[in-house]
2 protein chains.
Amino acid sequence: MQSEQEILRQYLKENGLRRTPEREHILQEIFATHEHFDVDELYLRLCQKGVKISKASIYRALRLFLDCGLIREVDFSDGHWHFEHIYGHNQHAHLRCLGCGEIVEFEDPNLTLLQGQLGRDYHYQIVSCHLEVKGYCATCGKTREKSL
Amino acid sequence: MQSEQEILRQYLKENGLRRTPEREHILQEIFATHEHFDVDELYLRLCQKGVKISKASIYRALRLFLDCGLIREVDFSDGHWHFEHIYGHNQHAHLRCLGCGEIVEFEDPNLTLLQGQLGRDYHYQIVSCHLEVKGYCATCGKTREKSL
DNA sequence: AAATTATTGCAACCGAGTCGCAATAAAGAT
DNA sequence: ATCTTTATTGCGACTCGGTTGCAATAATTT
Ligand SMILES: [Mn+2]
Ligand SMILES: [Mn+2]
Ligand SMILES: [Zn+2]
Ligand SMILES: [Zn+2]
């Protein structure tokens, strides 16, 4: 199995794009942890590691990584973009607490089946499948009951 | 079963808010069709019907309607908000064509089961569950193959 | 009818994300 | 190794969806 860097380099070559230290630094940072991230967080993490880079370049790199399937968008409905790396990971869905923001990742084999079903039923070529469940975790649920 | 207007009036009364023609016009327009909509579309539709209203009030009303569960956000990942009315409708998910934007709505009984399962497994009180599947419809899929 | 205060419209504002451009630097050709 | 081509970067200006402060208005309560 190729590394994410190899995937990137291959994609760049195939599309007449160039390999740059900026792109590789960003990609490395994205795959350094399993955390979900937004542009500001990523920018900060890079700054802290001494990588000098502009936000414009980060935005541009993220679009590139989306195109080659290394990352995907995660919808937090909070007005700006969040992402996570997906290359090398099983597809998963998110259960998020509206109180504290905790995120539980879970896999659902039914989703894979559903994709096949949808593809067949509606003659669609499925590209992505995002399931986001929201609610209150045990702790936040209790706090909430009291205040009602 | 109560009408959406009754739901709204009840919510307003319970929260010390006021019933206004603006809010009722907006709500009526939202439930006039089954279309998904964004703020601009809704604003235009209201203008065309001669309802004079500011966009600020639409934004404020939509937040209100979200709070009382009359509408929900729909994620199109295109940089601005989309909504649909949900009161009086079964929960459904979306299959959207990345080429032409066509939207197929479908129900998946497994999702309901999954919610119960998640609630039990992780002690979460589930509030919402959004499934968005993206891909290419038969037509757009063919057009796409040619251009590759 | 008067008093209270939520709501509206407007316009100024905010901020995430984009874009044009000049400087830089990859990659290929010689 | 140097030259040429052109993709990429950083910067700052810009866009535009969405928010907010405020004075005027109007829904409710008394
Ligand atoms: Mn995740
Ligand atoms: Mn729908
Ligand atoms: Zn919580
Ligand atoms: Zn299509």
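Labels below follow one simple rule: chain letters A, B, ... track the order of the sequence lines, proteins then strands, and each chain is numbered from 1.
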K.L.:
Nearest-Å distance, CD (Glu24(A)) to C1' (dA25(C))?
P.N.:
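Between C1' of dA25(C) and CD of Glu24(A): 14 Å.
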K.L.:
Report the distance from atom NE2 of His25(B) to atom C1' of dT8(C), rounded to the nearest whole Å.
P.N.:
14 Å
K.L.:
Would you name the heavy atoms of Cys129(A) and Leu111(A) that are closest together and state the gap between them?
P.N.:
SG-CD2, 4.2 Å
K.L.:
Checking contacts here: which listed nucleotide (dA25(C), dC10(C), dG17(C)) is nearest the side-chain heavy atoms of Arg18(A)?
P.N.:
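So the nucleotide nearest the side chain must be dA25(C).
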K.L.:
Quick one: pull up CZ in Arg60(B) and OG in Ser57(B) and give me the separation to the nearest 0.5 Å.
P.N.:
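It comes to 5.0 Å.
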K.L.:
Determine whether the side chains of Gln28(A) and Glu24(A) contain a donor N or O and an acceptor N or O closer than 3.5 Å.
P.N.:
no
K.L.:
Whole-Å distance between dG15(C) P and Asp40(A) CG?
P.N.:
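Whole-Å distance recorded here is 11 Å.
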K.L.:
Minimum heavy-atom separation for Ile126(A) to Leu95(B), with atom names?
P.N.:
CD1-CD1, 3.9 Å
K.L.:
What is the separation between atom CG on Leu12(B) and atom P on dA6(C), rounded to the nearest whole Å?
P.N.:
13 Å
K.L.:
Between Gly79(A) and Glu22(B), name the one whose nearest nucleotide on DNA chain C is closer to the 5' end.
P.N.:
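Final value for this comparison: Glu22(B).
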K.L.:
Name the first nucleotide and the last nucleotide along DNA chain D (5' to 3') that come under 4.0 Å of a heavy atom in chain B.
P.N.:
dG17(D) to dT28(D)
K.L.:
Of the non-hydrogen atoms in Lys134(A) and Ser77(A), which two are nearest, and what is the gap between them?
P.N.:
NZ-OG, 3.2 Å
K.L.:
Testing the 3.5 Å rule here: is there a donor-acceptor pair between the side chains of Glu84(A) and His92(A)?
P.N.:
yes
K.L.:
What's the CD1-P distance between Ile58(A) and dT18(C), to the nearest Å?
P.N.:
13 Å
K.L.:
So which of His85(B), Glu41(B), His82(B), His94(B) actually passes side-chain hydrogen bond (donor to acceptor under 3.5 Å, both in side chains) with His36(B)?
P.N.:
His94(B)
K.L.:
Answer with yes or no whether Arg60(A) presents, from its side chain, a donor or acceptor under 3.5 Å of a partner atom in the base of dG17(C).
P.N.:
no
K.L.:
For Asp78(B) and dG17(C), give me the distance from atom CG to atom C1', rounded to whole Å.
P.N.:
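My rounded result for the distance is 14 Å.
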K.L.:
Can you tell me the distance, in whole Å, between the OH atom of Tyr59(A) and the C1' atom of dT18(C)?
P.N.:
10 Å
K.L.:
Rounding to a whole Å, what distance do you find between Arg19(A):CZ and dA27(C):P?
P.N.:
7 Å
K.L.:
Specify the residue among Ser54(A) and Arg63(B) whose closest nucleotide of DNA chain D lies further upstream toward the 5′ end.
P.N.:
Ser54(A)
K.L.:
Which is more 5' along DNA chain D, the nucleotide nearest His82(B) or the one nearest Lys13(B)? Just name the residue.
P.N.:
His82(B)
